[in-house]
**Q** 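Below: one structure in structure tokens.
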Amino acid sequence: MAIKPEKLLNKSLNKKVRIVLRNGMEYRGILRGFDEFMNLTLEGVRLLGPEGEGEDGQDIGSLMIKGYDTMLIIPERRAEFFILSRTILATMRTVELQRVSDSIKEMAVEACHDARGDLLEALKGALEDEDSPLGRDILEKLLENAEIAASERIPYCQDTGTAVVFVELGEEVAFDRPGLVEAINEGVRQGYQEGYLRKSMAADPLRRGNTGDNTPAAVHIEVVPGDRLKILFAAKGSGSENMSALRMLPPSAGWEGVKEFVLETVEKAGPNPCPPGVLGVGLGGNFETCAILAKKALYRGIGRRNPDPFYAGKELELLEAVNGLGIGPQGMGGRTTVLDIHIEARPCHIGSLPVAVNMDCHAHRFREVEL
Amino acid sequence: MKHLRTPLTDEAVAELRAGDRVAISGILYAARDATHRAMVEALEGGEELPVDLRGQVIYYMGPTPARPGRVLGAAGPTTASRMDPYTPRLLDEGLKGMIGKGRRGPEVVEAIAEHGAVYFAAIGGAGALLSGRIKKAEVAAYPDLGPEALLRLEVEEFPAVVAVDSKGGDVYSRIHR
Ligand code: SF4
């Protein structure tokens with residue numbers, strides 16, 4: 001709830017406050033009055049100097065300070081917090097939120113028009129390996145589609161998706177103003193508007209309607225050590241998202257149970273997720289973290305294996321099994337059902353084995369940037 | 001590759017088999033969920049459809065907005081099974097063909113066979129390529145539905161595959177179940 005500034009100042013009336021001016025000078029004194037322009041009158045003022053250097057300061061009696069010159073007014077009892085947070089601020093790297101909005105906007109437009117290099121390579125590789133004539137024809141058309149999208153600036157697919165944004169936020173990163181999530185949504189808004197992308201967000205799951213600007217994005221913020229800021233963007237279509245699934249397996253089901261569930265999910269999906277796409281598989285965690293793991297796995301480049309050799313081997317085993325289903329391009333038969341499978345695992349409860357399969361299509365619009 | 005022209009004749013449809021590659025030219029009507037609901041509600045209310053569907057082909061599609069100077073933005077097919085609840089009613093009105101992506105439910109496959117109609121699958125996600133095959137687009141009805149208005153499209157050599165033929169042959173069931 002917003003508190004009016006006058007009210008806050010009223011609370012500090014006749015109490016000790018610390019004033020920081022725009023030029024960095026600091027004063028401490030008793031607040032005796034203020035007006036609508038935030039002009040202040042103070043008594044018993046001590047000049048603390050720039051950045052409050054001289055803590056006791058120099059006695060300068062009464063003072064009037066123009067509201068225009070004032071940067072901060074801090075009740076004395078809060079001042080210690082302020083000093084503390086200023087020390088922290090000094091070690092932080094500041095990033096302008098505008099850059100966050102701009103990069104989201106750019107990634108949205110680019111992802112929806114320019115197929116990633118690894119995707120094109122994978123499609124070409126699949127074309128070489130595909131035996132089904134219909135499947136080959138489809139793969140050729142997908143490559144042609146990618147070319148037209150990039151050169152004529154028509155989105156690769158008309159379902160330009162939900163915007164999914166992961167933020168890996170270093171603990172030593174500060175923003176120049178509040179409003180990270182709003183900055184992300186602003187980027188989505190601008191990207192989808194200026195990029196002629198489809199606005200596909202229903203305002204309510206049951207009452208439907210449309211939010212009109214493709215917001216809100218699905219935002220996941222992870223705080224990580226260091227001063228890096230990484231932003232991952234995806235435009236995720238509903239065709240493949242709708243065929244995704246999660247199951248809480250008993251630990252005794254083991255790898256065989258996981259494999260069976262993945263195969264069952266892909267088989268059930270058939271042509272709907274626009275094969276050939278990519279599978280993100282989350283293993284472990286709990287109900288919600290497992291699903292997030294599966295989504296995050298999709299950001300990994302096609303052809304890149306899990307750094308843990310155990311899971312790298314499982315990925316290849318699963319890839320072989322899924323492509324052995326014969327679903328093929330567009331579900332019309334062939335060996336190219338998925339272009340890659342990425343597994344991400346994390347610890348889980350001794351009584352659980354959660355597994356989530358997030359399906360993605362051949363549009364595979366994933367991007368990332370470091371700010 | 002078989003070349004088809006809309007409106008489709010019974011003879012042309014009878015020759016098609018699941019798995020055949022086709023190139024369609026002529027008029028298509030673009031409609032998705034809300035458009036279907038509006039049409040079926042009109043019929044149930046005893047009203048006439050805004051267009052005569054006899055021999056016509058509906059394309060399940062909702063495009064991206066067109067850049068200035070273009071007919072449409074990306075214009076690939078959407079999932080056909082979402083229209084399943086409305087399809088038999090429109091087949092009763094003489095609808096002859098549908099273009100979408102993915103499987104149809106067993107009732108729809110049956111209704112298609114019963115009416116000697118056909119369901120084509122276009123390449124899901126090939127929105128840029130398919131957009132180029134659409135030469136003209138105009139609102140035919142339900143302008144109030146905005147992006148889901150009924151559109152009349154003029155297409156040339158629009159590529160698709162016969163997914164369910166007039167005998168009930170289903171390309172997806174042949175591959176696996
Ligand atoms: S599943 Fe992907 S490629 Fe298919 S229509 Fe949806 S967004 Fe496009």
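Here is the naming used below: chain letters follow the sequence lines, and residue numbers restart at 1 for every chain.
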**Q** With a 4.5 Å cut-off on heavy-atom pairs, point out which of Asp159(A), Leu134(A), Asn210(A) contacts chain B the most.
**A** Leu134(A)
**Q** Using a cut-off of 6.0 Å, state whether more than 12 heavy atoms not belonging to Lys2(B) lie near its atom NZ.
**A** yes
**Q** Check whether Arg153(A) gets within reach of chain B through its side chain, its backbone, both or neither, counting any heavy atom under 4.5 Å.
**A** both
**Q** Quick one: pull up CD in Gln158(A) and OG1 in Thr64(B) and give me the separation to the nearest 0.5 Å.
**A** 7.5 Å
**Q** Determine the minimum heavy-atom distance between Lys199(A) and Pro65(B), stating which atoms define it.
**A** NZ-CG, 3.9 Å
**Q** Considering only heavy atoms and a distance below 4.5 Å, find which of Pro273(A), Pro155(A), Cys274(A), Ala150(A) pairs most often with chain B.
**A** Pro155(A)
**Q** If you count heavy-atom pairs within less than 4.5 Å of chain A, which of Val161(B), Thr78(B), Leu72(B), Thr79(B) leads?
**A** Val161(B)
**Q** Within a 6.0 Å radius of atom CD on Glu156(B), are there more than 12 heavy atoms belonging to other residues, nucleotides or ligands?
**A** no
**Q** Got more than 12 heavy atoms from elsewhere within 6.0 Å of CD, Glu93(B)?
**A** yes
**Q** Would you call Lys141(A) and Pro159(B) a side-chain contact if the rule is heavy atoms closer than 4.5 Å?
**A** yes
**Q** So do the side chains of Arg103(B) and Pro271(A) get within less than 4.5 Å of each other, counting heavy atoms only?
**A** yes
**Q** If you count heavy-atom pairs within less than 4.5 Å of chain A, which of Pro77(B), Gly132(B), Gly73(B), Gly124(B) leads?
**A** Gly124(B)
**Q** Counting only non-hydrogen atoms closer than 4.5 Å, does Leu197(A) touch chain B with its backbone (N, CA, C, O), its side chain (CB onward), both, or neither?
**A** backbone
**Q** So how far is it from Ser81(B) OG to Asn272(A) CG, rounded to the nearest 0.5 Å?
**A** 5.5 Å
**Q** Can you tell which part of Ala66(B) gets under 4.5 Å to a heavy atom of chain A, answering side chain, backbone, both or neither?
**A** backbone
**Q** Please list all pairs meeting salt bridge (charged side-chain N to carboxylate O under 4.0 Å, His left out) that have one or both residues in residues 56-72 of chain B, counting only residues at least two apart or in different chains.
**A** Glu152(A)-Arg70(B)
**Q** At a heavy-atom separation under 4.5 Å, does Ala149(A) approach chain B through its side chain, its backbone, both, or neither?
**A** both
**Q** Tell me if a side-chain donor or acceptor on Asn145(A) pairs with a main-chain N or O of Ala128(B) at a distance below 3.5 Å.
**A** yes
**Q** How many angstroms lie between CG in Asp137(A) and CD1 in Ile123(B), if you round to the nearest 0.5 Å?
**A** 6.5 Å
**Q** Look at Gly76(B), Ala75(B), Gly102(B) and state which one has the largest set of heavy-atom pairs under 4.5 Å with chain A.
**A** Gly76(B)
**Q** Looking at every heavy atom in both Ala74(B) and Ile154(A), which two are closest together, and how far apart are they?
**A** N-CG2, 3.4 Å
**Q** Quick check: are there more than 12 heavy atoms from other residues, nucleotides or ligands sitting under 6.0 Å from CD of Glu264(A)?
**A** yes
**Q** Between atom SG of Cys157(A) and atom CG of Leu129(B), what is the distance when rounded to the nearest 0.5 Å?
**A** 12.0 Å
**Q** I need the minimum non-hydrogen distance between Met332(A) and Ala121(B), along with the two atoms involved.
**A** CE-CB, 3.3 Å
**Q** A quick test of your reading: do over 12 heavy atoms of other residues, nucleotides or ligands sit less than 6.0 Å from CD of Glu48(B)?
**A** no
**Q** If you count heavy-atom pairs under 4.5 Å with chain A, which of Ser131(B), Ala34(B), Gly62(B), Ala80(B) comes out on top?
**A** Gly62(B)
**Q** Given that the side chain runs from C-beta out, which part of Ala126(B) has a heavy atom under 4.5 Å from chain A: side chain, backbone, both or neither?
**A** both
